[in-house]
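Below, chains carry the letters A, B, ... as their sequence lines are ordered, and counting in each starts from 1. From a predicted model like this one, the values you see are computed outputs, not experimental measurements. The figures here come from the full heavy-atom set of this structure, side chains too, leaving out hydrogens, waters and symmetry mates.
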Protein chains: 2
Amino acid sequence: MPVSPPRPKGPPLNALRAFEAAIRLGGFAQAAEELCVTPGAISQHIKALEDWAEVPLFERRSQGVVPTEFGLSLAEPFATAFDSIGQAVRHLRSGAQQQTIHIAALPSVAQLWLSPRLPMIRTALAGHRLSVTALETPPNLQRELFDISIFLDTPTGQPGETILAEDVIFPVCSPEVAARLTSPKDLLNETWLYDAVWADDWDHWLAQAAPGLKKKPNGPHFSLYTIALEETKHSAGILIGHAALVDTALKSGDLVAPFGERVATGKALTVTVSLHQKASKAVRQVLAMLGGN
Amino acid sequence: MPVSPPRPKGPPLNALRAFEAAIRLGGFAQAAEELCVTPGAISQHIKALEDWAEVPLFERRSQGVVPTEFGLSLAEPFATAFDSIGQAVRHLRSGAQQQTIHIAALPSVAQLWLSPRLPMIRTALAGHRLSVTALETPPNLQRELFDISIFLDTPTGQPGETILAEDVIFPVCSPEVAARLTSPKDLLNETWLYDAVWADDWDHWLAQAAPGLKKKPNGPHFSLYTIALEETKHSAGILIGHAALVDTALKSGDLVAPFGERVATGKALTVTVSLHQKASKAVRQVLAMLGGN
DNA sequence: ATCTACCCTTAGATTTTCTAGGGCAAAATT
DNA sequence: AATTTTGCCCTAGAAAATCTAAGGGTAGAT
């Protein structure tokens, strides 16, 4: 006789969030990244949820998970729900006495492009705190707590996005190294430096600027563009420079661009602002200073 | 220089839920009851949230907490957000192979009124599981996971509510005790039994049915109406019966109503169903069997 | 065939979250 | 005026959740 079982408890909220992320991003690993946990954590959350609801949400395949039909049907309601939560949380955060502007940027962009502009911003925004977070992938501004994101990526065209500059690349090196170079062919005798995530920059530039020139890539790879740039300054070799990132070094004379050929990558330095009313006065102010409209 | 702090993390979701409940119900204690935790837990959640947002949400007074103006302004967005979550969760639960109908009822109603009707419902709903939970206060059907609630309370008039019967009260006792009674005045010589939460039933009935009759209440109090009723059957005294709850005992002859005066309390036996599409076929079926429209 | 690169799971450890018990202060009651 | 009641706060220890790290399996590449 089923009388008085303990009050039926709702599902764990964090599991719902994990599920929402997993179904939206299409995988546990991606969801894990967004939530800053290991995939195992996501796996357990989903399992807990499946146990609670007594319904399978994902089909486990060897190459990843595939949402079940039913799981997919939950995507929209949960997305709506968490957008709603996000909005309420923004409202909550807007109450802080001292507002904080959260900026997300690619590590290299943060250090090489944003950093020189920060002092100006900070003085203009007295009374606000400023927080800069380096991220490998652009955050979902609707869901996460960033106000502004600055990335070097293919523009998505979503609302709130402003293109600051098209991305153009060209080899850069120290003046000392540049002295040895007269034509692109001389590159073959030099060490080529690579950024780990932009490893095909060299191929891309060569294809446009010096077709036919081939070289086995044997130079060092750096996980941080900034490190590669430092090494370049120390005459360790030649690096493909992204205009927005090497501008300061070129202006100071630490680096030079030995060849004139500038090649567009199709990417762009884009700044995106979250579309929310509160605090946006300060956010718009920052945007204007960064060169947005 | 604030570069690369750890990714700003959102507020703990559970704290948001605690806050939403606290602001909606107007107190930590009430929120604690709804979430089935101790008030201390709520207190900690709210504090965590206030620390996170760096803004006070409640003003602590000795007789309870009062929401700050800002806290109050968050009530609506958070209510909306959690309604949204609730809806998504219902959708999720609707996927279970074997549906469960969750019924919430006052303990006395569950045992005395609902219990005799359960076998009929269960056979009609083969393939569904049935869960009956005894609750002192009616749950928020929009937020909690109950499908049907049955309470003896003043009708609220909210959508989904059906009045099954007006609440009327009158003294009941065992036939053995009834043999000693001829007029209401004889009540003065008998032991009066009380239900702890309906302690003023006697006063209420006397005021209408036998004005002037006074007696110092010295009879035993029972925390469960069912126990009081059992004692009444064992001739331990006279109890104020609620029509819906003593019906079975009157029909079986275990109890009798020695006086004809029936007094309305203004309350009613009401059944409320959650307004949701899925699973509501079964829910409506149950409702019909209980006597709703 | 073997290797590499993914991605998901499981067991154990860690951190969060909860409960219990003791206080305090104002309001209601005696 | 004293007492009881109510409702929140605090802290330490206990319970439960959540996470990480290591394991294992599959597809496509070498």
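A/Val89 pairs by the side-chain contact (heavy atoms from CB on, under 4.5 Å) definition with A/Ile85, A/Leu145, B/Pro11, B/Leu16, B/Trp52, not counting sequence neighbours. Every residue meeting the side-chain contact (heavy atoms from CB on, under 4.5 Å) condition with A/His45, not counting sequence neighbours, appears here in chain and number order: A/Asn14, A/Ala15, A/Ala18. Remark: B/Glu33 pairs with no residue by the salt bridge (Lys or Arg N to Asp or Glu O under 4.0 Å) rule, at least two apart or across chains. Considering only residues two or more places apart in sequence or on other chains, B/Asp51 meets the side-chain contact (heavy atoms from CB on, under 4.5 Å) condition with B/Lys47.
Rounding to whole angstrom units, CG of residue B/Leu35 and P of D/dA17 are separated by 15 Å. Between A/Leu16 atom CG and D/dT18 atom P the separation is 11 Å, expressed in whole Å.
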What's touching nucleotides 6-11 of chain D from the protein side, N or O pairs under 3.5 Å?
{"residue": "D/dC8", "atom": "OP1", "partner": "B/Phe28", "partner atom": "N", "Å": "2.8"}
{"residue": "D/dC8", "atom": "OP2", "partner": "B/Ala29", "partner atom": "N", "Å": "3.0"}
{"residue": "D/dC9", "atom": "OP1", "partner": "B/Arg60", "partner atom": "NE", "Å": "2.1"}
{"residue": "D/dC9", "atom": "OP1", "partner": "B/Arg60", "partner atom": "NH2", "Å": "3.3"}
{"residue": "D/dC9", "atom": "OP2", "partner": "B/Ser43", "partner atom": "OG", "Å": "2.9"}

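OP1 or OP2 of D/dA17 has not a single side-chain nitrogen or oxygen of A/Asn14 nearer than 4.0 Å.
Among residues at least two apart or in separate chains, there is no salt bridge (Lys or Arg N to Asp or Glu O under 4.0 Å) pair with a member in residues 194-205 of chain A. Applying the salt bridge (Lys or Arg N to Asp or Glu O under 4.0 Å) rule to pairs touching residues 92-104 of chain B yields B/Arg93-B/Asp147, sequence neighbours excluded.
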Indicate every side-chain donor-acceptor pair of residues 69-78 of chain B with a distance under 3.5 Å to a residue at least two apart or in another chain.
{"residue": "B/Ser73", "atom": "OG", "partner": "B/Phe70", "partner atom": "O", "Å": "2.6"}

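Mapping heavy-atom proximity under 4.0 Å, the span of DNA chain C touched by chain A runs 5' to 3' from C/dC7 to C/dA11.
Ring geometry for B/Trp202 against B/Trp192 counts as parallel: the plane angle stays under 30°, on a 0 to 90° scale with 60° as the upper cut.
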